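A quick write-up on the structure given underneath.
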Number of protein chains: 2
Amino acid sequence: MKIKTRQRYEARAKIAKALAHPSRLMILDALQQQELCVCELTELVGSDQSTVSKHLAVLKNTGLVEDRKEGSMSVYHNTCQCLDGFFGCMESVLKANFKTQAKLVASL
Amino acid sequence: MKIKTRQRYEARAKIAKALAHPSRLMILDALQQQELCVCELTELVGSDQSTVSKHLAVLKNTGLVEDRKEGSMSVYHNTCQCLDGFFGCMESVLKANFKTQAKLVASL
DNA sequence: TGGCTATATGGCAATTATACCATGTATCCG
DNA sequence: CGGATACATGGTATAATTGCCATATAGCCA
């Protein structure tokens, strides 16, 4: 049971790890709106095409996105609708941190 | 504006990075129920005390937990209530992945 | 004070992540 | 066919993460 629990946390951590890069978050955010091909995502992110391709491989391997061949292009889309919850929580943490900072500044 | 956006994604990634370790997820999960001191968390996680202390420092630095001195102990608690959303989303991704696997297996 | 318990931190070795270049593969078009 | 476009992958250098040991710091208590 203890082992099962640990494996569960490792599985979750793998997902969190996939989210733990600004470029990948940017990609997921963009794919929330519409599906996009690699070249569009490459332009969006502003890194080398091979770099973006590897980021996409990470997301795909984690099950966060899927791809579809359309001619010579690969079109990616998000698999889950729950990312808004992720982002919302992140924002609330950031907001809370900001308030904490503000209090510190105000107390000077 | 583009810069601001990038910084926003970097800030989010920092949070995701803090979540991207099984031990830290375990800690956060435990702290959802009740506040706990370092020695309790150390026993829970099963790593060296210094290791757990560093994990807690990461979580604290990210604003995900806060600590309180109680005698010679440090008692930690979560700062945000939204982690359930995180975990729920993770679980739904895992479940979706499992279904995908099941389909693959069934098609053999 | 001296020793014990509870945490935090510095240091270091090993693992992992990241980015870009070069190159491979596949599709499309003339 | 041959060239161009769109992606993916191997190689590799650099940076970041992780874990434990040793050690520092601080509160507690006799």
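Values in this document were obtained by computation on a predicted structure and should not be read as measured data. Proteins get letters first, then strands, A, B, ... in listed order; numbering begins at 1 in each.
Closest to the B:S50 side chain, of the nucleotides D:dG11, C:dA6, D:dC21, is D:dC21. Among the nucleotides C:dT7, D:dC20, C:dT27, the one closest to the side chain of B:D48 is D:dC20. Closest contact between the side chain of A:D67 and the listed nucleotides C:dT7, D:dC20, D:dA8 involves D:dA8. In the set C:dT7, D:dC20, C:dC20, C:dT7 carries the atom at the smallest distance from any side-chain atom of B:V38. With distances taken from any side-chain atom of B:S74 to the nucleotides D:dA6, C:dA8, D:dC7, the minimum falls on C:dA8. Distances from the side chain of B:K54 to the nucleotides D:dC20, D:dA6, D:dA8 place D:dC20 closest. Across C:dA8, D:dC7, D:dC20, the shortest atom-to-atom separation from the side chain of A:M73 is found for D:dC7.
Below 30°, between 30° and 60°, or above 60°: for A:H55 and A:H21 the angle between ring planes is between 30° and 60°, a tilted geometry.
Applying the 4.0 Å criterion to OP1 and OP2 of D:dA6, one finds that A:Y76 has every side-chain N and O outside that range.
Rounding to whole angstrom units, CG of residue A:L41 and C1' of D:dA8 are separated by 15 Å. Rounded to an integer number of Å, the gap from B:H55 NE2 to C:dA8 C1' is 15 Å. In this structure, the CD atom of B:E70 is 13 Å from the C1' atom of C:dA6, given to the nearest Å. Rounded to whole Å, the distance from CG on B:L59 to P on D:dT18 is 11 Å. Counting to the nearest Å, the P atom of C:dT5 and the CD atom of B:E43 are 16 Å from each other. The distance between atom CD of A:E66 and atom P of D:dC7, rounded to the nearest whole Å, is 17 Å. One can place CG of B:N61 at 16 Å from C1' of D:dT18, the figure rounded to the nearest angstrom. Protein atom NE2 of B:H21 is 18 Å distant from nucleotide atom P of D:dA16, rounded to whole Å.
The residue among A:S72 and A:T51 whose nearest nucleotide of DNA chain C lies closer to the 5′ end is A:T51. In this structure, A:E40 and B:S23 both approach DNA chain D, and ranking their closest nucleotides by distance from the 5' end singles out A:E40. Remark on DNA chain D: of its neighbouring residues B:G71 and A:A57, the 5'-side contact belongs to A:A57, judged by nearest-heavy-atom nucleotide.
Judged by distance alone, with hydrogens and angles left aside, the side-chain atoms of B:R24 form a donor-acceptor pair with the main-chain N or O of B:A18 at under 3.5 Å. Using a distance-only test at 3.5 Å, with no hydrogens or angles considered, a donor-acceptor pair links the side chain of A:T62 to the main chain of A:V58.
A donor and an acceptor atom sit less than 3.5 Å apart, one in the side chain of B:Q49 and one in the base of C:dA8. In this model, no side-chain donor or acceptor of A:S47 finds a partner on the base of C:dC20 within 3.5 Å.
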Open item on the list: What verdict does the side chain to side chain contact (heavy atoms under 4.5 Å, CB included) test give for A:V38 and A:L41, after you've listed the backbone C-alpha separation in whole Å, the side-chain angles of each residue and the deciding distance to 0.1 Å?
Closed with: CA-CA 5 Å; A:V38 179; A:L41 291 169; 5.7 Å; no
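B:C82 has its SG atom within less than 2.5 Å of the SG atom of A:C89.
A salt bridge does not link A:D29 to B:R8: none of the charged nitrogens lies less than 4.0 Å from a carboxylate oxygen.
Heavy atoms of B:S53 sit under 4.0 angstrom from at least one base atom.
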